[in-house]
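For ligands, and for the atoms within them, numbers begin at 1 and follow the listed sequence.
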Amino acid sequence: MKFKPANKIQDLQYFGEFGGVNPSISDSSTYTFLSAKTMFDTFEGNADGCYLYSRHTSPSNLYLGEALAEMEGTQTATVTASGMGAITPVLLQLCSAGDHVVSSRTIYGGTYAFLKNFTPKLNIQTTFVDITKLDVVEAAIAENTKVLYCETVSNPLLEVADIEGLAALAKKHNLTLVVDNTFSPLSVSPAQLGADVVIHSLTKFINGSSDTVGGVICGTQEFIDNLRNVNDGACMLLGSTMDSLRASSVLKNLRTLHIRIQQHSKNAMYLAKKFEADGLKTVYPGLASHPSHELFSSMLNEEYGFGGMLTIDVGSLDKANELMELMQHKNLGYLAVSLGFYKTLFSAPGTSTSSEIPEDEQAEMGLTDGLIRFSIGLDNDIERTYQIMTECMRAVGVLELVS
Ligand code: PLP
């Protein structure tokens, strides 16, 4: 049967302790035990249903984690204080000194910086590869490789990873395939395609209101238990715990994710088609011209579309800045990093979210100065948005330049 992620979220019901339609918020950092023995058992990880201390877990965090595990179809999940607070403990749990990671080279700048600059201090080395070429990925795998790391749709170039192909490689070489699915929640379900661990920055589409940072790690019960282990669990010991109040607000926002993603996708598809027809260099996985359009289509949970992210290249950073400032002035969106907001957000990744990547490497991976990354908002009247965007593009000479 087809995997239906939104149905799985919808079917989860939680009530508050007085019959509230939302679950009660666990407003405590620590929990009492009726017997000292149960407290001991809980420390040992053997007392199901008991709570110990909220850095370990809390009822509110478990509710949100369970809903996200349902969404990704994994056994369970644990929520974290940010997306980076999910990514870094996963990598540190899976790798020890002397181990090796094979990672896509087009990933979020913070993840890139962690693997490039931070983990080498712990003698964990990474080879960055073009993730769209499975032969190149396989050639980079060495005897000490432990992790294959990628984003389903990469930040910011919107390259698409062949999750099934990568999962087969991971299986063959006994690696853990870790997939950051931040750009494509609901649209793609990596664990259903063979990923071992699925991560999200909840900060983006899933929360959707740009009022918090948050993250989640979805995986097997065994892996999540390991992360939470009081003796050597990276989540427990590094302490990137989500606050219960936040977990409860993210859960409420998750309830409308399916509607939001459909609208983000609809609007992004409309604009991408128009921009391309106008002669702008446009990258959107929903366009037939996208090099991985067929692949993405084959992985898609169709009803959610190709997502809200698109890029255009306007030739130079000066032009990009001029256009973004004007679009903001016309109230079309905000010149801001991040994504998944109700309002359109735009930024030039080369000088913002990917600035951690050295210029020569940016050039090699095709990250140009004039690239603008759009997170398309929930605009009700996208035709009007397009008309005003076109006026802005003409005013700064972007459309004349390309036509
Ligand atoms: N993964 C992706 C694809 C991102 O775009 C980001 C942030 O921009 C992160 C992870 C990090 O998430 P956070 O900012 O919540 O730590």
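- Taking every non-hydrogen atom of N155 and a distance limit under 4.0 Å, the qualifying atoms of ligand 1 come out as 4 (C), 5 (O).
- Of the residues listed (S249, S26, S54, S24), the one engaging S60 in a side chain to side chain contact (heavy atoms under 4.5 Å, CB included) is S26, and it is the only one.
- Looking at I87 next to ligand 1, no N or O pair under 3.5 Å apart turns up.
- Of the N or O atoms in G85, none lie within a sub-3.5 Å distance of an N or O in ligand 1.
- The shortest contact between atom 9 (C) of ligand 1 and any protein heavy atom is with Y108 CD2, 3.5 Å.
- For atom 3 (C) of ligand 1, the nearest non-hydrogen atom of the protein is D180 OD2, 3.5 Å.
- Checked against M71 for a side chain to side chain contact (heavy atoms under 4.5 Å, CB included), the options V198, I206, V216 give a single hit: I206.
- Shown in contact with S201 at under 4.0 Å from a heavy atom are these atoms of ligand 1, numbered in order with element: 9 (C), 10 (C), 12 (O), 13 (P), 15 (O).
- The closest approach between G214 and ligand 1 falls below 4.0 Å for a heavy atom of the residue.
- Near G83, with a cut-off below 4.0 Å to any heavy atom, the atoms of ligand 1 are 12 (O), 13 (P), 15 (O), 16 (O).
- Nearest heavy-atom pair, S210 versus N207, reported as atom, atom and distance to 0.1 Å: N-ND2, 4.2 Å.
- Here is the list of ligand 1 atoms found below 4.0 Å of a heavy atom in E151: 3 (C).
- In terms of polar-atom proximity, T203 is counted as a contact of ligand 1, with an N or O under 3.5 Å from an N or O of the ligand.
- For the atom pair NE2 of H258 and CD1 of I9, the computed distance is 8.5 Å after rounding to the nearest 0.5 Å.
- Here CE of M309 is found 4.5 Å from CZ of R373. Values are rounded to the nearest 0.5 Å.
- Protein heavy atom closest to atom 16 (O) of ligand 1, with residue, atom name and distance, is M84 N, 2.8 Å.
- No part of T111 comes within 4.0 Å of ligand 1, judged by heavy-atom distances.
- Atom CD of E302 has 12 or fewer heavy atoms from other residues, nucleotides or ligands within 6.0 Å.
- For K204, the heavy-atom gap to ligand 1 drops under 4.0 angstrom.
- For K273 and Y270, the positive end is not near the middle of the six-membered ring at less than 6.0 Å and at most 45° from its axis.
- Here the side chain of S375 pairs a donor or acceptor atom with the backbone of G340 at under 3.5 angstrom.
- One N or O on the side chain of H290 and one on the backbone of S292 form a donor-acceptor pair closer than 3.5 Å.
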